[in-house]
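Notes to accompany the following structure.
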Amino acid sequence: MKIIGTGSALPEKSVTNDMLAGFLDTSDSWITTRTGIHERRLLSTETLRELAMKAGRAALESSGVRPEDIDYLICSNVANSYVSPSLGSIILGPLGCCCPTFDLNGACAGLVYALDMADAFLKTNRARKILIVAAEQPSRFCDWHDRATSVLFGDGAAALVVTEGEGFIDFRLTGDTHTDVMYYKRSLEPTPYDRVEEKTTPLVMEGREVFRLAVEASIRDVDALLGRNGLTGADIDMFLLHQANMRIIECIRQHLEQPKEKFPTNIQHYGNTSSASIGILMDELSRAGRLKNGATLLLSAFGGGFVTGAALMKWSEIQYK
Ligand code: ACO
């Protein structure tokens, strides 16, 4: 499998740390030093559906593939206003696609999970051209009175078009049950039979424990992919890591003893956009001409569950109009 098109979309509204400090007991210096985040984009006038469509259209356009020639649309999304239909179903028709679609929830690792699944579909001839859209609005999971979580996230969408080719070399996905360290619960409708009282609980996160799990898991995935492919960190041209916290990225970088230039970031401007983060970063780097033909990339993402996904790949340059 190889990537032949990329796209991304971000909300217009930028919210700085100082703006948050206007209603939360926080400060620009706390947020910047603990996370590396200076501002984030938050949905206000647009909808997640519009962001997902914009990213999807940009990816299709850059790939030169017509929407009607897409064989599968895989959407990565943790939650949106609709439980059903899926976000994939909602954007499928308006995008001009006519194919099977479903959403997957791989938390922040969702895009890597979607890539792994697309790779399997291509290898088993279930599809020849696949559109992946990762669209997330974590700003709507948070309690905006909770300074420990709300400052971390931003909304955004990314999309990739993939087809057969010599791009992806190896994947490593993992899962583990750690439901207490990070969760967001939505209440379901009551029935006369099920007496369990439920209420929606905005995102709860044990920040320090999530930090530890994230660093450990990403290092384990990266080392495993490097080891079993006979590579070292020096063989990788760029590490595209989930943009959750600048300090998490720095811990992984120090473990690999590789220069900062190999770890591009955009968390400063967008915060943690969940499963869209690696896709947005990839789209920006590719459009800026920073991903060269044949460059070896290592993607690594981790998120609620706890789930992780990593991929080793060679980049093929995309021509943007
Ligand atoms: N502003 C000011 N003070 C704050 C804020 C804030 N926004 N948030 C917490 N604090 C306070 C705490 O109340 C605490 O105060 P206390 O010492 O008086 O009790 C103090 O700052 C230190 O809090 P810690 O939680 O220990 O701070 P820490 O250094 O661990 O940083 C952080 C917190 C940034 C959340 C860090 O733990 C982290 O990044 N964890 C990983 C989070 C993450 O990446 N989650 C998503 C990953 S997976 C995915 O993407 C879905």
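Just follow the structure's listing: the first ligand is 1, and inside any ligand the first atom is 1. FYI, the numbering just counts along the sequence from 1. All figures in this text were calculated on a predicted structure; none of them were measured in a lab.
- Taking any N or O of L152, backbone or side chain, none lies under 3.5 Å from an N or O belonging to ligand 1.
- Taking distance alone, with nitrogen or oxygen atoms compared against 3.5 Å, S27 stays at or beyond that limit from ligand 1.
- The shortest contact between atom 49 (C) of ligand 1 and any protein heavy atom is with C108 SG, 2.7 Å.
- Contact atoms of ligand 1 toward G303: 48 (S) (distance under 4.0 Å to a heavy atom of the residue).
- Distance remark: protein heavy atom not present below 4.0 angstrom from atom 32 (C) of ligand 1.
- Side chains of Y184 and T200: no donor on one and acceptor on the other come within 3.5 Å.
- Using a 4.5 Å cut-off on side-chain heavy atoms (C-beta onward), D28 and T16 make no contact.
- Taking every non-hydrogen atom of H242 and a distance limit under 4.0 Å, the qualifying atoms of ligand 1 come out as 49 (C), 50 (O).
- In this structure, the protein non-hydrogen atom closest to atom 42 (C) of ligand 1 is M205 CE, 3.6 Å.
- A 4.5 Å side-chain heavy-atom check between R57 and L95 finds at least one atom pair inside the cut-off.
- Looking at K199 and S187, their side chains never bring a donor and an acceptor atom within 3.5 Å of each other.
- Within ligand 1, the atoms closer than 4.0 Å to a non-hydrogen atom of N245 are 34 (C), 38 (C), 39 (O), numbered from 1 in the order shown.
- Per-atom contact check: atom 19 (O) of ligand 1 does not touch the protein, criterion being a heavy-atom distance below 4.0 Å.
- Of all protein heavy atoms, the one lying nearest to atom 46 (C) of ligand 1 is N272 ND2, 3.6 Å.
- The protein heavy-atom contact nearest to atom 27 (O) of ligand 1 is R34 NH1, 3.1 Å.
- Side chains of D103 and N77: a donor-acceptor N/O pair is absent below 3.5 angstrom, by distance only.
- Across all non-hydrogen atoms, the minimal contact from V181 to H178 is CG2-O, 3.4 Å.
- In T149, neither the side chain nor the backbone holds a heavy atom less than 4.0 Å from any atom of ligand 1.
- Less than 4.0 angstrom separates some heavy atom of I248 from each of these atoms of ligand 1: 44 (O).
- Close contacts between ligand 1 and V210 involve ligand atoms 43 (C), 45 (N), 47 (C) [criterion: under 4.0 Å to a heavy atom].
- Side-chain atoms of V210 and R212, non-hydrogen and from C-beta on, never get closer than 4.5 Å to each other.
- Smallest separation of non-hydrogen atoms from I252 and S218: CD1-OG, 3.3 Å.
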Q: Starting from the C-alpha separation in whole Å, work towards a yes-or-no answer on side-chain contact (heavy atoms from CB on, under 4.5 Å) for N245 and N272.
A: CA-CA 7 Å; N245 183 318; N272 178 348; over 6 Å; no
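- Annotation: atom 24 (P) of ligand 1 to nearest protein heavy atom, R208 NE, 3.9 Å.
- Protein heavy atom at the shortest distance from atom 44 (O) of ligand 1 is A244 CB, 3.5 Å.
- Annotation for ligand 1: atoms under 4.0 Å from non-hydrogen atoms of T35 are 34 (C).
- Side chain to side chain, E39 and H269 meet the donor-acceptor criterion of an N or O pair below 3.5 Å.
- Distance check for atom 39 (O) of ligand 1: a protein heavy atom is found below 4.0 Å.
- Counting heavy atoms under 4.0 Å from ligand 1, residue T26 touches it through both backbone and side chain.
- Looking only at protein heavy atoms, the nearest one to atom 11 (C) of ligand 1 is R147 NH2, 3.6 Å.
- Protein heavy atom in closest approach to atom 41 (C) of ligand 1: G207 O, 3.5 Å.
- For the pair R247 (side chain) and R34 (backbone), a donor-acceptor distance under 3.5 Å is present.
- Under the 3.5 Å distance criterion, with hydrogens and angles disregarded, no donor-acceptor pair is assigned to the side chains of S275 and Y113.
- Checked by atom type, the side-chain pair S89/S86 shows a donor-acceptor distance below 3.5 Å.
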